[in-house]
Number of protein chains: 2
Amino acid sequence: MKRKITLKQIAKELDVSVSTVSKALSGSKEISEDTTQKVKAFAKLYNYRPNNIAISLKNRKTKTIGIIIPEIVHHFFSTVIRGIERVANRRGYNVIVGLSNESFTKEVINMELLANGSIDGFVLSISKETLLKQDYHHFNATIDQGIPVVMFDRVVAEVDCDKVIVDDHKGAVKAVSMLIDKDCKNIALITTMDYVSVGRLRTQGYLEALSNHGIEANPNMILKIDDSLDVENHLEILENEIETFFRMNKVIDGVFAVNELYAITAMKVARKLGYSIPEDMQVIGFTDGVLSKHATPGLTTVSQHGQKIGEQSANLLIDRLEAEDMEEDSYIVNTDRKKDFIKMVIETEIIERESTK
Amino acid sequence: MKRKITLKQIAKELDVSVSTVSKALSGSKEISEDTTQKVKAFAKLYNYRPNNIAISLKNRKTKTIGIIIPEIVHHFFSTVIRGIERVANRRGYNVIVGLSNESFTKEVINMELLANGSIDGFVLSISKETLLKQDYHHFNATIDQGIPVVMFDRVVAEVDCDKVIVDDHKGAVKAVSMLIDKDCKNIALITTMDYVSVGRLRTQGYLEALSNHGIEANPNMILKIDDSLDVENHLEILENEIETFFRMNKVIDGVFAVNELYAITAMKVARKLGYSIPEDMQVIGFTDGVLSKHATPGLTTVSQHGQKIGEQSANLLIDRLEAEDMEEDSYIVNTDRKKDFIKMVIETEIIERESTK
DNA sequence: TGTTAACACGAAAACGTTTTCGTTACGAAT
DNA sequence: ATTCGTAACGAAAACGTTTTCGTGTTAACA
């Protein structure tokens, strides 16, 4: 077992100073051609690599970005991570992930842990519990400490930072409009509780699309699912709720669901009740994941382009980090600006499959 | 914007030395009650938190573990990550993830990057390309450097380290035996190319189950999919291959597929060809993901317990890391042992759903 | 009164780098 | 012969900690 070699060891072996070794390896012309060659050869032989931690300490930056998400076993979030990792990697950064598990406390703890020098900036999506409590002090605190934050998808106006979102509202409008165009007369909505911002926005989109077409919204046609407690038999409860919902509203011939799971489950229940899809009932979901693609019939969905969201988020963050670097070099202290945060909107796209005519 | 406060700053403000502050905060009884209180109060007021990087450098350990996986948008892998993150978090570690994207080069680069001080150990699953090239020098090199490695799922005998695997062989035997018990007379296998070890093992299990029941394997009933190039229209190709396969073997009344996607697709194609499931054809897949659970009919699968795999891997790694700590303290240099690596086998479990009778 | 022990604290090294600022030596210029 | 410039290198500080080893002060004891 040969431990990693350090500058100091090289210096001792070659009987020069640490500074000389460091300079030689970085190709400084302060050092003679001769010693430079010697040092480089020796370093190569022993496979010298600078210690990241030492460099991080010296430079006071880690070249890693922290990701905080509510859940990782989730197609959308893992897609976003993939996007983040991709550009991070390309631009010389690592990613370190923390899972909040939809819990406020875990979110806070995770952020505090990483904020103490482990990362240069955050890309995150807010946990449900945090949204419910509306307590955003930890975000503002880290921003206050000079650590940039980029929020995606589940964002909130109370925090001043760059944001990358999907146009949930418009996406919903498009979806519902499509159902109307395809001759649905009684379109139901299956959504979440209002405190989840994306659920709320998609609900608003549903309402707007109806009103755009002169259709009056019927509160009975809206089913709000409370998934705050993620219990074991969540799926069963979901199915039952949808079933009673469908039984009480026999006229439904179109469904817009704010996520994939609700849409798939709606299709399953509908089939069980004797509807055939898309003939008797058309369904559109939100989020284009594996379920939509591989369901039978394939589910028409509003795609969020998770990877793009991740890529944009990472770019935004790294841009800001490197802008900071520049500022330090120039002596112009930029006190006024700083507030021009970007809100980037990723366009949704409807992917038509077999669940619509 | 108030930057993070350091020991030195506290020391200056309170007009004591850095050492005093450090000791006071750690509750050393070397420091008087009086100053301890003063320091602690000040630290609390300014929300002092020690800098992780500095501590890492000092202790020569980072308390973070590196995860290298081929793909993150994948139910099994993200489940494993969740497991790793869970125990890592509980035991005071962070996780930093690198994606190999099934590429040998990215795997190597990612590992080298992290091995230079960023992490204390690795949990990883080998990329397909690496398996194909059979070049494992980077694993052995990092182990040689004294960095512990735990491999899961896609493991390889050429590398000496702890391993956590699923009993692929036995799982396959169980699945195929179940099909036989349920009166399938002509059981097909849909699998991957042999260089993917899990595919190979599951194939062997299939063959063994048949032979156990005195059934002769028919090569025509085995379909090997080449998914080495993950092209855009992969899905279409897959469907076509399965369709011709089914058309050429009309007697098939049972299918064992080595992953979820193949199983789901098989069901889809079968239905298209007029089979009804499970009456005319029963199907069992491997890996219990979202697809299996939400497909209609629900897919009977061999569950791998990804989260458990992740948890065990992390525990194994951290155990070894902390054992090293102990060794450093005791003066007994343990030169002989070191070789007792653990191979942990996670039992599979068949989850019955509607795709079998 | 002189010795000792406990107490409270500070100086400095160490982790592995990078970088600034000397310092030495030597050849060239005055 | 003195000054100057430059090439080639080393010392030391710095990043933020922790920890070992002093050191000075005071109180207790003989």
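Naming convention: chains lettered A, B, ... in sequence-line order (proteins, then strands); numbering from 1 in each chain.
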- Message: For B:Lys4, I'd like to know if atom NZ has over 12 heavy atoms of other residues, nucleotides or ligands within 6.0 Å.
- Response: yes
- Is B:Ser22 touching bases, backbone alone, or none of the nucleic acid, heavy atoms closer than 4.0 Å? base
- Message: Please classify the nucleic acid contact of B:Ser19 as base, sugar-phosphate, or nothing, using heavy-atom distances under 4.0 Å.
- Response: base
- Query: Taking only residues two or more places apart in sequence, or in another chain, which ones meet B:Thr20 in a side-chain contact (heavy atoms from CB on, under 4.5 Å)?
  - Reply: B:Val16, B:Ser17, B:Ile31
- Give the B/S/- string for nucleotides 21-26 of chain C, one per nucleotide from 5' to 3', where a protein heavy atom under 4.0 Å of the base yields B, of only the sugar-phosphate yields S, and otherwise -. B-----
- Message: Categorize A:Thr35 for me: base, sugar-phosphate, or nothing, with a 4.0 angstrom heavy-atom threshold over every strand shown.
- Response: sugar-phosphate
- Item | Residues that B:Phe77 engages under ring-ring contact (aromatic ring centres under 6.0 Å, His included), provided they are two or more places apart | B:His74
- Message: Does anything in residues 81-109 of chain A form a ring pair (Phe, Tyr, Trp, His ring centres under 6.0 Å)? List the pairs, not counting sequence neighbours.
- Response: A:Phe104-A:His138
- Query: Reckon B:Thr6 touches a base, only the sugar-phosphate, or nothing at all at heavy-atom distances under 4.0 Å?
  - Reply: sugar-phosphate
- Message: List the residues meeting ring-ring contact (aromatic ring centres under 6.0 Å, His included) with B:Tyr46, not counting sequence neighbours, and say none if there are none.
- Response: B:Phe42
- By a strict heavy-atom criterion of less than 4.0 Å, which residues belonging to residues 36-59 of chain B are in contact with DNA chain C? B:Leu57, B:Lys58
- Task: Using a strict cut-off of less than 4.0 Å between a Lys/Arg side-chain nitrogen and an Asp/Glu carboxylate oxygen, indicate whether B:Asp162 and B:Lys343 qualify as a salt bridge.
- Result: no
- Task: Report the end-to-end axis angle of the helix from C:dT1-D:dA30 to C:dT30-D:dA1; each axis comes from five terminal pairs, and the value is rounded to 10°.
- Result: 90°
- Query: Is the number of heavy atoms from other residues, nucleotides or ligands within 6.0 Å of CZ (A:Arg86) greater than 12?
  - Reply: no
- Note on the structure: Sequence neighbours excluded, the answer for side chain to side chain donor-acceptor pair (under 3.5 Å) partners of A:Thr79 is none
- Item | Boundaries of the DNA chain D segment in contact with chain A, non-hydrogen, under 4.0 Å | D:dA8 to D:dG16
- Qualifying residue, where the test is salt bridge (Lys or Arg N to Asp or Glu O under 4.0 Å) with A:Arg91 and the options are A:Glu85, A:Glu322, A:Glu311: A:Glu322
- Message: Going by the rule ring-ring contact (aromatic ring centres under 6.0 Å, His included), which residues pair with A:Tyr48 if we only count those two or more places apart in sequence or in a different chain?
- Response: none
- Earlier contact from the 5' end, DNA chain D, for B:Lys8 and A:Ser17: A:Ser17
Scan the side chains in residues 152-159 of chain A for donor-acceptor partners under 3.5 Å anywhere in the protein, sequence neighbours excluded, and list what turns up.
from, atom 1, to, atom 2, distance (Å)
A:Arg154, NH1, A:Glu102, OE1, 3.0
A:Arg154, NH1, A:Ile126, O, 2.9
A:Arg154, NH2, A:Glu102, OE2, 3.0

- Message: If the test is side chain to side chain contact (heavy atoms under 4.5 Å, CB included), which one of B:Leu321, B:Val87, B:Val164 qualifies with B:Leu316?
- Response: B:Val164
- side-chain contact (heavy atoms from CB on, under 4.5 Å) partners of B:Asp15, counting only residues at least two apart: none
